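Keep in mind the model is a prediction, meaning the values are calculated, not measured. By convention in this document, chain letters (A, B, ...) are assigned in the order of the sequence lines, proteins followed by strands, and residues within each chain are numbered from 1.
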Amino acid sequence: MPELPEVETVARGLRGVLPGKSITGARIGKSDFIDDVAALERLLPGARISAVRRHGKFLLLDLESPSAEPRSLCLLIHLGMTGRLVVCPPDAPIAPHTHVFFALDDGSELRYTDIRRFGKMRLLVDGVNGANGGGDAVLAALGADPLEASEAEFAGRMRGRRARIKALLLDQRVLRGMGNIYTDESLWRARIHPMRLGANLSGEEMRRLYRAVRDVLAEAIRFRGSSVSDYVDSSGQPGWFQQRHRVYRRAGKKCFRCGGTIGRATVAGRSSYFCPRCQPAPRKRRRAK
DNA sequence: AAGATTACCTGAAGGC
DNA sequence: TGCCTTCAGGTAATCT
């Protein structure tokens, strides 16, 4: 579910309430999405939250430990498809599939709910995770933030790639934060068919795509993200950007730009929506005999 | 070895 | 009503 605009909205919400508060207790139910449950239960109580950050689709809670041993902690949270992170009073009704409860020293509670448990939670201790010193390798492997990258960097990361442009936009090692919704919306805005190969985009098309990605993400953040099924922000409120979608889940409806009929196809293993008139399909290469 | 497919988990929606 | 299949915004592992 959550892509960059949704995670950014959650991060901003948490940033308004969490920094300065301490975790007083950690209660964990189902835990197959947590790297090291014992570490969370042992190290988090007493820790004070100093900052909330976003890195691609990851949320990062920076914490200061009360003890001298591990000084700094960083709780890394990925919401997967159905993850929710909400701050509420401790007596608020518990949503089904709520698996983690962090009690906070002001009496409130930070809860993690995740129906499908595709999310991830792991604790980085003094910047390093686990026994083999894996560090924040997960974060280091991520590509450029689409809102921070220059046009040259954006284009450079796609250049020469024979993969479909849709697959490249979705690849977190190329760009961090894009998902299925914003990829389709961006390609529509740039008038580029999702099946085009990255290497075949002209300089002009690449420039349009760069602009489209930034405009779509920025606008989606202003609308507090898209609530298609499960997404809500840190206070439990839905986003509104789904009302501005131009192609996503609009198969059979009219294109807002040319009046053509929005189509749907599987590209890069994901269902993809596009206007076959404004986003011309790549010409099939004739098979050599 | 890059690119494509499959697996993971639960729930909602559609067909019969 | 109910049973069955398909699909869902995420990545990671496995193939070719």
Side-chain angles (χ1 to χ4, degrees), chain A residues 1-10 29-35 54-59 76-85 95-99 112-122 134 137-143 146 157-188 194-200 213 216-217 220-221 223-233 238-252 264-273 282 285:
Chain A
M1 160 227 308
E3 309 180 32
L4 187 151
E6 289 76 31
V7 181
E8 177 64 23
T9 302
V10 172
K30 280 192 184 172
S31 60
D32 52 353
F33 58 95
I34 302 176
D35 245 29
R54 176 187 65 78
H55 197 81
K57 297 176 192 171
F58 286 89
L59 281 162
L76 210 142
I77 302 167
H78 194 297
L79 302 176
M81 297 256 274
T82 53
R84 296 176 170 197
L85 207 49
H97 305 284
T98 300
H99 307 301
Y112 180 73
T113 306
D114 190 349
I115 297 172
R116 291 169 75 180
R117 302 200 306 284
F118 283 1
K120 287 278 174 291
M121 216 179 266
R122 65 147 63 177
V138 180
L139 299 182
L142 297 177
R157 288 178 165 273
M158 317 271 179
R159 190 165 294 138
R161 298 288 303 267
R162 304 290 304 165
R164 333 227 94 123
I165 188 64
K166 167 131 190 181
L168 293 175
L169 291 172
L170 286 173
D171 188 339
Q172 301 300 298
R173 295 164 302 183
V174 176
L175 291 176
R176 56 181 198 249
M178 299 288 288
N180 203 35
I181 294 178
Y182 297 108
T183 296
D184 279 6
E185 292 295 318
S186 299
L187 287 168
W188 178 83
M195 285 200 182
R196 296 277 305 279
L197 301 189
N200 291 350
V213 164
V216 166
L217 292 178
I221 290 172
F223 281 80
R224 308 183 60 79
S226 305
S227 289
V228 171
S229 58
D230 299 283
Y231 168 72
V232 293
D233 67 16
W240 300 101
F241 192 70
Q242 65 278 9
Q243 299 179 2
R244 315 277 297 195
H245 290 172
R246 290 304 182 237
V247 281
Y248 181 71
R249 287 203 177 175
R250 294 195 65 245
R264 171 183 172 166
T266 298
V267 185
R270 320 297 305 277
S271 85
S272 304
Y273 302 86
R285 277 244 286 173

Whole angstrom value for the distance that separates [atom2] of [N] from [atom1] of [X]:
X: A/Arg84; N: B/dT10; atom1: CZ; atom2: C1'; answer: 14 Å
X: A/Leu59; N: C/dG10; atom1: CG; atom2: C1'; answer: 14 Å
X: A/His99; N: B/dC9; atom1: NE2; atom2: P; answer: 12 Å
X: A/Tyr273; N: C/dA8; atom1: OH; atom2: C1'; answer: 9 Å

Is A/Arg173 touching bases, backbone alone, or none of the nucleic acid, heavy atoms closer than 4.0 Å?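 Contact class for A/Arg173: none.
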Summarise how protein sits on nucleotides 11-16 of chain C as a single string, 5' to 3': B when a protein heavy atom is under 4.0 Å from the base, S for sugar-phosphate-only contact, - for no contact. S-----
In terms of relative ring orientation, are A/Tyr112 and A/Phe33 parallel, tilted or perpendicular, with 30° and 60° separating the classes?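 Rings of A/Tyr112 and A/Phe33: tilted, as their planes differ by 30° to 60°.
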Could you summarise the pairing of DNA chain B as dot-bracket text, marking Watson-Crick and G-U pairs under 3.5 Å with ( ) or [ ] inside the strand and | across strands? .|||||||.|||||||
Whole-angstrom distance between [N] and [M], as gauged at atom [atom1]:
N: C/dC7; M: B/dT5; atom1: P; answer: 15 Å
N: B/dT6; M: C/dT6; atom1: C1'; answer: 16 Å
N: B/dG11; M: C/dA12; atom1: C1'; answer: 23 Å

Does B/dC9 have OP1 or OP2 under 4.0 Å away from a side-chain N or O of A/His97?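 Looking at the OP1 and OP2 atoms of B/dC9, neither is under 4.0 Å from any side-chain N or O of A/His97.
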At less than 4.0 Å, is any side-chain N or O atom of A/Thr82 found next to OP1 or OP2 of C/dA8? Yes or no.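 Result: no.
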Compare all side-chain heavy atoms of A/Ile34 with those of A/His99 and state whether any distance is below 4.5 angstrom.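 The answer is no, as the side chains (C-beta and beyond) never meet within the 4.5 Å cut-off.
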Within the 4.5 Å heavy-atom criterion, are A/Pro282 and A/Asn200 side-chain neighbours or not?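 Result no, sub-4.5 Å side-chain heavy-atom pair not found.
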Salt-bridge test for A/Asp35 and A/Lys120: reply yes if a basic N is under 4.0 Å from a carboxylate O, no otherwise.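 Looking at A/Lys120 together with A/Asp35, the answer is no, because their closest N to O distance does not fall below 4.0 Å.
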Considering non-hydrogen atoms only, spot the tightest contact between A/Asp114 and A/Leu79 and give its length.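 Smallest heavy-atom distance, with atoms named: OD2-O, 4.1 Å.
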So for A/Arg116 and C/dA8, does any side-chain atom that can act as donor or acceptor lie under 3.5 Å from a complementary atom in the base?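 When only heavy-atom distances are counted, A/Arg116 does reach the base of C/dA8 through a donor-acceptor pair under 3.5 Å.
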Contact list for residues 159-188 of chain A, test ring pair (Phe, Tyr, Trp, His ring centres under 6.0 Å), sequence neighbours left out: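 Sorted result for residues 159-188 of chain A: A/Tyr182-A/Phe241.
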Tell me which nucleotide among [options] gets nearest to the side chain of [X].
X: A/Arg164; options: B/dG3, B/dA4, C/dG10; answer: B/dA4
X: A/Ala163; options: B/dT10, B/dA4, C/dA8; answer: B/dA4
X: A/Arg117; options: B/dA4, B/dC9, C/dA8; answer: B/dC9

